[in-house]
Structures are given as structure tokens and as C-alpha cells.
Number of protein chains: 2
Amino acid sequence: MSQVEKVGDLAVSVGYLLKQTATALHASMDAVLRPQGLTVSQYSVLELLGHEPEQSNADLARGAFVTRQSMNEVLRGLQDRGLVARADVAEHGRARPTRLTPAGSEALAGASAAVARVEKRMLSPLSTAEHTALVARLIACRDALTDDGAPTGGDAAR
Amino acid sequence: MSQVEKVGDLAVSVGYLLKQTATALHASMDAVLRPQGLTVSQYSVLELLGHEPEQSNADLARGAFVTRQSMNEVLRGLQDRGLVARADVAEHGRARPTRLTPAGSEALAGASAAVARVEKRMLSPLSTAEHTALVARLIACRDALTDDGAPTGGDAAR
DNA sequence: CATTGTGTGTCAGGATGCTGACATGAGTCA
DNA sequence: TGACTCATGTCAGCATCCTGACACACAATG
């Protein structure tokens with residue numbers, strides 16, 4: 001009974017399935033966003049700003065699970081295309097809050113609809129009860145990993 | 001009723017939770033594998049070879065959700081450290097099957113045990129029934145995305 | 001036998017994201 | 001006030017992974 005534990009069958013490994021499903025979702029999102037001229041990272045920023053305006057570069061980086069440096073480049077791309085706007089000078093600290101432009105809101109509307117269709121397709125085999133149960137269990141797994149142990153990503157906890 | 005759909009609250013969005021959970025798992029795996037001198041990608045290869053020996057570079061690339069080119073570099077690293085071995089000449093086509101060396105099997109044993117502990121921690125809040133239900137629903141979501149729509153990743157379907 | 005198609009390994013170039021480092025602005029506290 | 005801590009934005013260098021392209025090996029087909 002003091003057997004050494006190891007990872008079992010990959011076909012039913014939660015870790016492997018998580019990676020597979022997340023990869024499939026990313027690919028599907030990329031497929032519908034690219035025709036709209038957006039990458040998944042860029043869409044993530046627009047979506048985050050749509051839910052909570054006036055976020056700083058660091059805020060957005062944490063929300064999208066990347067570093068401030070990477071987010072900076074994503075924001076530059078969106079800014080050059082006029083989809084987001086940043087204050088030229090910081091109001092308070094060094095943070096220069098970013099907000100959606102009208103063009104950005106319009107792009108977000110189209111992209112969000114497309115992504116919603118992808119999510120709907122992903123969840124189509126699940127009943128409403130199964131859907132909510134899945135959400136609850138993903139939250140439980142995420143919290144079990146992050147409550148103590150390792151950081152979630154980005155560089156906020158390094 | 002012709003309302004335009006959009007992505008809802010991020011805190012209960014399956015897509016966002018999937019990304020969060022997968023990121024947290026990846027970070028936790030990295031934290032336990034790095035002390036053993038392995039990256040997550042390298043561990044993935046060892047694990048795949050442990051389950052199914054004699055896989056080609058392309059097979060492993062598909063299994064690890066990366067391109068053949070990326071997998072080639074991972075394999076080169078493992079080969080230089082003597083953890084895997086590849087035939088110098090192809091037996092059949094151009095494929096040169098890779099297999100674990102004794103040192104590779106030993107490294108895999110330690111790494112797999114560490115990863116199993118991470119998975120166990122992740123699943124600790126779930127009952128056995130919830131665990132199996134989670135697996136079934138992740139499979140359902142993955143298949144719903146990949147059965148028709150977009151490819152799963154890598155370059156196999158581009 | 002020649003042709004076509006599919007799968008594989010590999011090279012070159014580039015895009016993306018990360019680590020490390022530094023300077024700036026704000027809050028805290030002796 | 002001055003020292004300290006913390007969060008932010010940014011620069012430089014590097015690692016990783018990808019796209020595009022090509023050559024080879026085999027199977028199927030005429």
C-alpha cells in the first residue's frame with residue numbers, strides 16, 4: 001500500500017483533459033476572431049475593459065494571465081488601431097488607465113458575439129445543471145491549486 | 001428575443017475558468033518539475049513515452065499540442081541529457097521512433113509522482129463522483145469543439 | 001513504371017511572451 | 001523630513017513556439 005503514485009491513463013487525466021479542452025477552445029476562438037482582425041489576446045483585453053473600464057496595464061496583464069511587458073505590446077497594437085485609448089499622463093500614480101474607444105466597443109460587440117457562439121457550441125452537450133456544476137468544480141480546482149501552492153501565472157506573485 | 005448574445009460575467013464564464021484553471025495547473029506543475037530539472041514540455045514527452053513507447057517526433061508533437069518543429073527541440077534537449085534515445089536511421093519511413101532510456105524512466109518516475117501529487121491537490125475538494133463527472137464533461141466540451149469546427153492545435157489540421 | 005498524395009524530418013525567419021533590471025510615483029512610519 | 005516599501009511602466013536580452021518552405025520515404029493509382 002506504499003505504492004508510488006503516478007499519473008494514470010491520459011485519456012481520463014483531468015490535467016491532460018484540461019489542457020486539451022483549453023487548447024481546443026483557444027483554437028476555436030482564434031478561428032472566429034481572426035476574420036475580425038483580432039487575436040485572442042487582443043479580444044481578452046477588450047472583453048476585460050468591457051466588464052471593468054479604466055484598468056491599468058498591470059490590471060489587464062493580471063486579468064489576461066500574461067506579464068505587464070506582454071500586455072504593453074498588446075495595448076500598443078490596440079491603441080495604434082484606435083480600439084483603446086490611454087491617458088498620456090498618469091492621473092494618480094504611474095498607472096495610465098485604459099478605456100475602450102467607440103470603435104473598440106463596436107469591435108468588442110462583434111467579437112463577443114462570436115466568442116459567445118463558440119462557448120455555446122462547447123457547452124451544447126451539457127444540461128443547465130451540468131453547466132453550473134462544471135463551473136463550480138472548475139472554481140474548486142482552481143482555488144485548490146492557488147490557495148496555497150504555486151502562483152496562478154503572470155508575474156504578480158513572483 | 002433577437003437580443004445580441006455576448007460573453008457574460010467572467011467569474012462564471014466556462015472559457016475564462018478553463019483558462020484560469022489550466023494556467024494554475026501549468027504553474028503548479030512547473031513549480032514542482034523545475035527542481036527536478038524538467039520543464040513541463042519535457043515532462044509531457046516523458047509521460048507520453050511512458051504510456052506508449054516508440055513514438056515518432058510527429059506523434060509526440062500531436063500528443064503535446066505543439067508543432068513538430070517545437071517538439072524537435074524538446075527532444076534534442078532530452079536526448080542531450082540522455083533521457084530519451086532515437087534511432088540514428090529510420091527503420092520504415094522517415095520516422096525515427098523515440099524511446100525512454102533507463103535514466104529517462106527514472107526521471108519520469110520522480111516527475112510523475114510529483115505531478116500526481118499536484119493533480120491530487122487540485123482534485124482534493126471533489127468527491128469521486130464529482131471527479132468522474134468532471135472528466136466526462138470536459139470530454140464532452142472538447143469533443144463539441146473538435147468534432148466539426150476548428151482544429152485542436154498543433155499543425156496537424158492546418 | 002511514373003505520378004500523385006500523405007506523412008515525416010528539418011532549416012530559416014519571425015512573432016510572441018518571459019526574465020531581469022531600472023526609474024518613477026505614492027503611501028507608511030520612525 | 002527622510003528612509004523604506006510597494007506598485008507601476010518601460011527597456012534590453014533571451015527563450016519558446018510558430019509559419020513557411022523544402023526534401024525525403026512510402027503507399028496508392030493510372
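Chain letters run A, B, ... following the sequence lines, proteins first and then strands; every chain starts at 1.
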Using whole Å, report how far CZ of B:R34 lies from P of D:dA15.
13 Å
Give a yes/no on whether any side-chain N or O of B:N72 is located under 4.0 angstrom from OP1 or OP2 of C:dT10.
yes
Would you indicate which nucleotide in D:dC11, D:dA21, D:dG9 comes nearest to any side-chain atom of B:R68?
D:dA21
Is a donor-acceptor contact shorter than 3.5 angstrom present between the side chain of A:Q69 and the base of D:dG13?
no
Minimum heavy-atom separation for B:C141 and A:L126, please, with both atom names.
SG-CD2, 4.1 Å
For C:dC18, take OP1 and OP2 only and decide whether either is under 4.0 Å from a side-chain N or O of A:T67.
yes
Which whole-number value in Å describes the distance from A:L75 CG to C:dG17 C1'?
14 Å
When rounded to whole Å, the CZ to P distance for the pair A:F65 and C:dC18 reads 12 Å
For the pair made of CD in A:Q55 and P in D:dG9, what is the distance, rounded to whole Å?
11 Å
Any donor and acceptor pair, going by atom type alone, linking the side chain of A:S13 with main-chain N or O of A:L10 inside 3.5 Å?
no
Between B:S56 and B:E73, name the one whose nearest nucleotide on DNA chain C is closer to the 5' end.
B:S56
Answer yes or no: side-chain N or O of A:R94 and base N or O of D:dA7 forming a donor-acceptor pair under 3.5 Å.
no
Provide, to the nearest angstrom, the distance between the CG atom belonging to A:N57 and the C1' atom belonging to C:dT24.
15 Å
Which nucleotide sits closest to the side chain of B:A58: C:dT8, C:dG17, D:dC17?
C:dT8
Any side-chain heavy atom of B:L134 within less than 4.5 Å of one from A:L134?
yes
State the CZ-CG distance between B:R137 and A:L17, to the nearest 0.5 angstrom.
13.5 Å
Ignoring backbone atoms, test whether A:R62 places a side-chain nitrogen or oxygen under 4.0 Å from the OP1 or OP2 oxygen of D:dT8.
yes
Check whether any side-chain N or O of A:S70 sits under 4.0 Å from OP1 or OP2 of C:dT16, and answer yes or no.
no
In whole Å, I'd like the distance from the CG atom of A:D59 to the P atom of D:dG9.
8 Å
Any side-chain N or O of B:R86 less than 4.0 Å from the OP1 or OP2 oxygen of C:dT10?
yes
Separation of A:M71 atom CE from D:dA7 atom P, in whole Å?
19 Å
Given C:dA15, is OP1 or OP2 found less than 4.0 Å from the side-chain N or O atoms of A:T39?
no
Does B:E119 reach the main-chain N or O of A:G15 with its side chain, forming a donor-acceptor pair under 3.5 Å?
yes
Distance, rounded to the nearest Å, where B:R96 contributes CZ and D:dA25 contributes P:
12 Å
